[in-house]
Amino acid sequence: MKLSFEIDPKEYSGPFNLDLTINSGQTSQPAWLMKDGYFQELIIVDNQHCLIKIKQENLEGVLDIEAESEENLELESIRTNLMDIFGLNDDLNTFYNFLRKDSKLKPTIDFCTGLRLFKAHDPFECIISSISSANCSIIRWNRSIKDIKTKWGKEYKFDSTSWYSFPSPDILKTVPEHDLEEMDRCDNKFPDDHSFDKNLKSCGVGYRAKYMIKTAEIIQNNIKIEDIPEMSYKQAFDTMLDLPGVGPKVADCILFYGFGFKEAFPVDVWIGRIVSDMYFKGNEIKPIKAREFGMKKFSNNAGYVQLYMFHYARKSGLLDRIRQKNKD
DNA sequence: GCCCAGGTCTCCG
DNA sequence: CGGAGACCTGGG
């Protein structure tokens, strides 16, 4: 099934910059592939995998969307999904009024106009990729996620291009952790080239491999992912903390980028330093304190403020100054 | 070849 | 509870 439709700016409140939203380095998922002028990704709609191509000709214009799937899908389901993924239900005008009331935050608007939450299209993938992102470079964990998809995901072909879904918890919980385990499982029927590369460590995830397998198992056995959005923030946070490889920073990333909890304030070293610089005269405060500060001060806007703070710091030169200061 | 970045876990007081 | 050190890998 193939269909195309548009989303009109009248359907959402405030500006939207698709390119900025996809490429601002938000920690939920690798950026969507840019090809033939469209951002493209395989997403899940009504439990079906569906290839989305989306384009924004100009910032005031409509979004052009093409969708393709093996089964028939409701256009309205796809629209609802995309509105959710790109934060189009968030009222940016109201948010900007909030930013303008804080002299420290007001300047972020000019650097971030149209930047929205880029929400994960698959919450389980978001949980695993957030675990792989901890203590790891963006390039490395993006590559890991791609590897995991090609090794254990299901293949979908559209226009002779192959797309791979992210494997479900019941698949991921059974994958071999490292090459020795993979070898043990193959009953001495070695591959011709004697290479063992269908194990998690071969995807470059390092010591996080065991966390991911255990997390997949816990989710499969003890957690209903669809219950999480119904929980209070605190309850959801504690649920995430029980997963191995998930600390406060990763938990908040999962809650904000994966489930859309707006009161989460994920603090990595950089956000910690930015908060220290903007609100504590450069006196370095501990990440856990920065988190408490952000949640209290920004409440339901905390997630978005974090997003805007980081992008602003990158573009305004603040981040470079902080970097320089930390070298001395 | 060596050192560094980057959150979480584990261990120790 | 708070602090210190280990953890895996890619890049400079």
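Sequence lines set the chain letters: A, B, ... in the order given, protein chains first and strands last, and positions in each chain run from 1.
Salt-bridge annotation for K53(A) and D36(A): absent, with no side-chain N of the basic residue lying under 4.0 Å from a carboxylate O of the acidic one.
At the heavy-atom level, P287(A) lies nowhere under 4.0 Å from the strands shown.
Within the 4.5 Å cutoff, the side chain of R79(A) has heavy atoms near those of the E11(A) side chain.
Residues in residues 51-79 of chain A take part in no ring pair (Phe, Tyr, Trp, His ring centres under 6.0 Å) pair, two or more places apart or across chains.
DNA chain B is contacted by both Y211(A) and R273(A); R273(A) maps to the nucleotide lying nearer its 5′ end (nearest heavy atom per residue).
Distance, K210(A) NZ to dT8(B) P: 17 Å, rounded to whole Å. If you take NZ of K249(A) and P of dA5(B), they are 17 Å apart, rounded to a whole angstrom. Rounded to an integer number of Å, the gap from M240(A) CE to dG7(B) C1' is 17 Å. The CH2-P distance, from W270(A) to dA5(B), rounds to 9 Å in whole Å. Computed from coordinates, the I288(A) CD1 to dC1(C) P distance equals 11 Å when rounded to whole Å. As rounded to whole Å, 14 Å separates atom P of dT8(B) from atom CD1 of I127(A). One can place NZ of K214(A) at 15 Å from C1' of dC9(B), the figure rounded to the nearest angstrom. When the C1' atom of dC7(C) is taken as reference, atom NE2 of H178(A) falls 15 Å away, rounded to whole Å.
Evaluation of the ring pair (Phe, Tyr, Trp, His ring centres under 6.0 Å) rule for Y312(A) yields F111(A) as partners, not counting sequence neighbours.
A ring-centre distance under 6.0 Å is found for F86(A) and F118(A). If you look at Y308(A) and F95(A), their ring centroids are closer than 6.0 Å.
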Between protein and nucleotides 3-5 of chain C, what N or O pairs are separated by less than 3.5 Å?
none

Please produce a list of atom pairs where a protein N or O lies less than 3.5 Å from an N or O of nucleotides 9-12 of chain C.
| residue | atom | partner | partner atom | Å |
| --- | --- | --- | --- | --- |
| dT9(C) | O4' | R140(A) | NH1 | 3.2 |

Going by atom type alone, with no hydrogens or angles, which donor-acceptor pairs under 3.5 Å involve a side-chain atom of residues 239-254 of chain A and a protein atom two or more places apart or on another chain?
| residue | atom | partner | partner atom | Å |
| --- | --- | --- | --- | --- |
| T239(A) | OG1 | Q235(A) | O | 2.7 |
| D252(A) | OD1 | Y233(A) | OH | 2.5 |
| D252(A) | OD2 | R291(A) | NE | 2.8 |

Please tabulate, one pair per line, all N/O donor-acceptor pairs under 3.5 Å involving side-chain atoms of residues 293-300 of chain A, not counting sequence neighbours.
none

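Cation-pi contact between R323(A) and W270(A): present, with separation from the ring centre below 6.0 Å and deviation from the ring axis of at most 45°.
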